[in-house]
Amino acid sequence: MSSPVSSSSAPTGAPAPRPGVAGRLDSWFEVTARGSSWAREIRGGVVTFVTMAYIVILNPLILGGFSADQAAQDVAGGWLQNAQVGAVTALTAGVMTILFGAVARLPFAFAAGLGINSFLAVTVVQDVTWPEAMGLVVINGLVITILAVTGLRGLIFNAVPAALKTAITVGIGLFIAFIGLVDSGFVRTSGSASPPLQLGSAGSVATLPTITFVIGLVVIGVLMARRVRGAIFIGIVATTVIAIVLQAIFQVPTSNGQNLDDWNLNAPVMPTQIVALPDLSLIGDISFGAFARIGVLSAVMLVFTLVFTNFFDAMGTMTGLAKASDVARPDGTFPRLKSALVIEGVGAIAGGATSSSSNTVFVESASGIGEGARTGAASVVTGLLFVLAMFFTPLTQVVPLEVAASALVIVGALMVSQIKDVDWTDFSVALPVFLTIITMPLTYSIANGIGVGFISWVIVRAASGKAREISPLLWIVSLGFLVYFVRGPIEALVG
């Protein structure tokens with residue numbers, strides 16, 4: 001089955017494998033076998049990096065700060081320095097993406113997961129220190145890795161019905177499109193209970209950053225419609241150039257989302273400094289003292305929350321990306337599934353060990369897939385660019401978040417088209433699928449969408465006389481999600 005992403009950049013006469021080292025690399029990454037080319041893989045890897053580079057800027061703003069009063073302080077008053085977090089964010093993302101590309105050989109990139117880093121900064125460090133919080137992240141990664149090595153994680157993956165796997169793909173498509181619309185300022189909070197969201201500022205999108213997003217959306221959309229090779233990459237570069245010119249004229253400041261008329265994270269200007277030496281002193285700064293500080297039960301509940309978020313966010317993202325890159329089998333699995341799941345667990349360990357937060361597969365990888373990436377070679381390119389970003393951090397700020405957002409909306413539209421594969425005539429399928437899809441963007445969480453989908457699938461299918469068709473593992477996981485969703489009262493009881 002051909003995915004909508006692949007149809008936009010279908011290969012025409014892929015080259016034959018070359019002899020020597022080039023031939024061995026081609027054979028290992030299966031570039032020719034998957035109908036791709038090295039040019040497409042490199043281009044896709046670059047596009048994925050461009051749409052993910054914001055994490056090098058955003059993660060330090062969430063976890064760290066430029067001063068103690070501006071940073072997320074832990075229970076002991078400790079805080080993480082912005083420059084240090086930025087350096088380990090880039091390093092860990094680069095190493096994990098290269099490892100995944102070389103071993104799992106899939107075009108999925110890794111970086112610090114946004115859900116978990118916010119959970120750490122807002123909730124966890126209110127009770128423990130930053131080193132202790134990162135120790136919990138390491139334990140979370142160990143649990144996930146053990147589940148993957150023993151094959152249990154793969155069994156759970158295989159137990160998910162095909163309809164729910166399609167729903168996860170479509171839900172992720174809506175989710176990343178929603179991320180793009182919000183990051184660009186095209187959709188904003190209204191500040192009131194009803195309606196909670198609105199178009200732009202009081203219905204107006206006449207701000208320079210949002211107009212730049214619209215320009216990028218139109219440019220990339222037209223190039224995609226005309227089936228231009230490299231449409232997403234060309235659109236990002238062209239729109240960034242336009243943004244640099246507009247910024248030189250109007251001099252719009254940045255405000256980290258505080259002022260609706262300003263750029264969100266970074267203004268599109270050429271940096272005055274290009275090279276900066278990274279400070280990697282956060283590596284290894286972890287502690288397992290959380291169990292003594294807050295008690296075993298409370299610490300276990302925090303780890304439980306981390307595991308559930310990490311486990312199912314990654315599973316859902318991999319499902320969607322596998323379908324988008326045409327490597328998914330009819331049952332939704334894909335080659336080297338176990339290796340992919342093991343490395344994802346290692347990413348959580350590495351993120352905790354470097355204090356960059358749990359590293360996981362990023363849904364923005366879909367942008368590179370949309371550009372034509374089909375193999376792990378693209379991931380290696382993305383990873384190398386992240387490693388270089390440690391030294392060239394100022395350059396990562398040239399492409400504004402609003403331009404990257406336009407690419408996310410385009411890719412989201414491509415992924416949503418897979419909704420045609422769902423049998424909407426069977427309501428015991430249609431309702432769980434719909435709830436999975438709609439919950440992801442509305443709660444800003446892939447894991448929440450999966451959980452709601454699992455629970456509703458088990459209840460509706462069982463009540464309609466199809467209980468025997470439900471895998472026992474799906475029952476168990478659904479029960480786990482039920483505990484996850486009502487964990488508030490449980491956490492209150494234990495501490």
Side-chain angles (χ1 to χ4, degrees), residues 51 54-55 57-67 69-73 82 113-126 171-218 243 246-247 250-268 309 313 363-364 397 400-409 412-413 416 435 437-449 451-452 485 488:
T51 57
Y54 72 87
I55 195 63
I57 304 168
L58 183 58
N59 200 42
L61 293 176
I62 295 173
L63 297 180
F66 297 100
S67 62
D69 60 337
Q70 185 261 333
Q73 295 189 31
N82 189 287
L114 288 176
I116 288 181
N117 60 8
S118 298
F119 177 60
L120 293 173
V122 174
T123 303
V124 178
V125 295
Q126 300 301 311
I172 289 173
L174 283 181
F175 180 44
I176 65 174
F178 190 43
I179 290 174
L181 292 170
V182 171
D183 286 348
S184 67
F186 193 84
V187 172
R188 300 180 188 273
T189 177
S190 65
S192 61
S194 181
L197 299 174
Q198 64 182 8
L199 178 69
S201 177
S204 171
V205 293
T207 67
L208 183 62
T210 306
I211 289 173
T212 301
F213 160 78
V214 174
I215 292 172
L217 191 64
V218 171
L246 292 174
Q247 176 64 11
F250 297 102
Q251 297 292 311
V252 177
T254 62
S255 65
N256 297 331
Q258 299 303 310
N259 190 326
L260 302 183
D261 294 331
D262 297 345
W263 296 102
N264 194 326
L265 290 181
N266 54 309
T309 303
D313 260 4
V363 72
E364 281 85 350
Q397 302 184 33
L401 183 62
E402 289 78 3
V403 172
S406 63
L408 293 183
V409 174
V416 167
L435 292 174
I437 292 171
I438 201 65
T439 302
M440 286 187 192
L442 293 186
T443 65
Y444 238 60
S445 169
I446 294 172
N448 285 347
V452 170
F485 286 144

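Values in this document were obtained by computation on a predicted structure and should not be read as measured data. Numbers here are sequence positions counted from 1. Only this structure's heavy atoms are used, side chains among them; waters, hydrogens and symmetry mates stay out.
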Main-chain N/O of Thr207 paired with Thr210 side-chain donor or acceptor, under 3.5 Å: no
Which value, rounded to the nearest 0.5 Å, describes the distance between Leu174 atom CG and Ile179 atom CD1? 11.5 Å
Phe213 and side chain to side chain contact (heavy atoms under 4.5 Å, CB included): which partner among Leu181, Asp183, Leu208? Leu181
Which residues pass the side-chain contact (heavy atoms from CB on, under 4.5 Å) test with Ala243, not counting sequence neighbours? Thr212, Trp263, Pro268, Pro400
Got a sec, which residues hit side-chain hydrogen bond (donor to acceptor under 3.5 Å, both in side chains) with Asn59, two or more places apart in sequence or on another chain? Thr89, Asn117
Any side-chain heavy atom of Ile172 within less than 4.5 Å of one from Ile446? yes
Without placing hydrogens or testing angles, list every side-chain donor-acceptor pair under 3.5 Å for residues 195-206, not counting sequence neighbours.
{"residue": "Gln198", "atom": "NE2", "partner": "Gly200", "partner atom": "O", "Å": "3.4"}
{"residue": "Ser204", "atom": "OG", "partner": "Ala206", "partner atom": "N", "Å": "3.2"}

Taking the side chain as C-beta and beyond, is there a heavy-atom pair between Tyr54 and Glu364 under 4.5 Å? yes
Is there a side-chain contact between Val409 and Phe178 (heavy atoms, below 4.5 Å)? no
Arg188 side-chain N/O to Val182 backbone N/O, donor-acceptor pair under 3.5 Å: no
Atom CD1 in Ile438, atom OG1 in Thr443: separation rounded to 0.5 Å? 10.0 Å
Output yes when a side-chain donor or acceptor of Ser445 lies under 3.5 Å from a complementary backbone atom of Met440, and no otherwise. no
Any donor and acceptor pair, going by atom type alone, linking the side chain of Gln247 with main-chain N or O of Ala267 inside 3.5 Å? no
Is any side-chain heavy atom of Asn264 closer than 4.5 Å to a side-chain heavy atom of Thr254? no
Measure the CZ-OG1 distance between Phe175 and Thr439 for me, rounded to the nearest 0.5 Å. 12.0 Å
Which pair of non-hydrogen atoms, one from Gln126 and one from Gln73, has the smallest distance, and what is that distance? NE2-O, 4.4 Å
Smallest separation among heavy atoms of Gly171 and Pro441, with atom names: O-CD, 4.3 Å
